[in-house]
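Numbering of ligands and ligand atoms starts at 1, following listing order.
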Amino acid sequence: MRQHRAVLAIAGLLLLGLQPQSGHAQGRFPDRPITIIVPFAAGGPTDVVARQLGEAMTRDLGVSVVSENVTGAGGTLGAQRVAASRPDGSNLLLGNIGVATAPSLFRRPPYDPLTQLDTVGLITPVPMILVGRSDLPANTLPELLAWLRRPNAEVNIAHAGLGSASHLCATLLRSILQTPMTAVAFRGTAPVMTEMMAGRIDITCDQTTNALPYVQDGRIKAFAATTAERLAALPNVSTTAEGGLPQLQVTIWHGFYVAHGTPRPIIDRLSQSLRAALADPAVVNRFRELATAPEPPERATPEAHRALLESEITRWKPILTAAGEYAD
Ligand code: ASP
C-alpha cells in the first residue's frame, strides 16, 4: 500500500512536470481539456453549477473545462463513468448529496464512492424547495399537506432517479406522511419542470439552482423551503418546520470527485482551481441570484469533502434503511 502510494506520488510529480526532488513546478497539468461529468440532465440544477464553474476554471487552468451530461440511474451512471476513467484528472464528477445516499439505496451498489472516487473539494450547499404545478388547489404547506392526505388522493411526485437528491426528499416526504404517491423518475429535474408546467407532474423537491426562476415568475408554486431559515429570495415561502413538517430538512451539498488513484499533486491543482472559481465574482453573483453561495475555501478541500462524505453516508444509512426503498 505504502509502495503503491509512493509510485502514485512520483507519477503525479512527473505529470505535473516536476522532478521528484527538484520542487520546481513547470506545470504540465493540465495539458488537455477537462470534462466535468454532470450526472443529470442539461439545464438542471447540477448542470447550472457545473457550467458556472467550468467557465471560471477555464480562466484559471488555461485549458477548456467543459461539461458533459452522462445521465441515468439517479446519477450513478455518471459517477461510474468517472470512477472507471483514467486517474489523470481529466474527468471530474460533479456529484450532489446523492453520492452519499446511493450506497444505501441499492442492494448491489453500482460503485463505492469511498474506494473508487477521490474527493477534490466541496462546492456549494444548495437549498431545496418543495414545489408544485401552478394550478394545484393549495397555496401553503398546510394546505398542500391536507390535499395530499385527502382520501383516495391520486398524487404523483417526480424525482431524478433512485439515489438523486430529489429522490431523497421524496422518500423522506412519503415516509413522514405515510400517504401513497406515485413516484415518477426522470433523468434530472430540468425535464421535471417542463412536465410540471404542462400540468402532468403534481409536486417535486428541487434545488433553487433550477426551480427558483420558475417560482419567481409564477410558472410553478413553492410550498416550503427545506432549510432552517426562510430564503431571502422567497421571503413569503415558509420553511418546512414552520408549515408543519419539521422532519423534512435537507440541504444539497455538491462536490468534485476524480477517479481513485489520481496523483495528489493533480488533485491539489484541481482543488486550488475550484477555490479560485468559487472566489470568481461571476460565480459568486450567479450563485447569489439562485439563492446559494460558494463553500468557504477551507471546505473546498479534499479533506473537508472526504470528511463530509463519510459522515453523510453514516447519517443517511439508517434513515434510508428505515424508509425501506431499495433498487436491485
Ligand atoms: N435535482 C436533481 C437531483 O435530484 C439533480 C439534477 O437534475 O441536476 O439530484
Heavy-atom donor-acceptor pair, T262 side chain to V258 backbone, under 3.5 Å: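 Not a single qualifying donor-acceptor pair exists.
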Is it true that E310 and R306 have a side-chain N and a carboxylate O under 4.0 angstrom from each other?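 Looking at R306 together with E310, the answer is yes, because their closest N to O distance falls below 4.0 Å.
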Sub-4.0 Å heavy-atom environment of ligand 1, residues by chain: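 Its neighbours under 4.0 Å (heavy atoms only) are F40, P45, T46, N96, A160, S164, A165, S166, G188, T189, D206, Q207, given by chain and number.
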Taking the six-membered ring of W147, is NZ or CZ of R149 closer than 6.0 Å to its centre and within 45° of its axis?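 Output no; distance or angle outside limits.
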Is any side-chain heavy atom of F256 closer than 4.5 Å to a side-chain heavy atom of L93?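 With C-beta onward as the side chain, the pair stays apart.
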Would you name the heavy atoms of Q52 and V283 that are closest together and state the gap between them?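 That would be O-CG2, 3.7 Å.
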Counterpart residues, side-chain contact (heavy atoms from CB on, under 4.5 Å), relative to P297 (two or more places apart):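 Scan of P297 (side-chain contact (heavy atoms from CB on, under 4.5 Å), adjacent residues dropped) gives R275.
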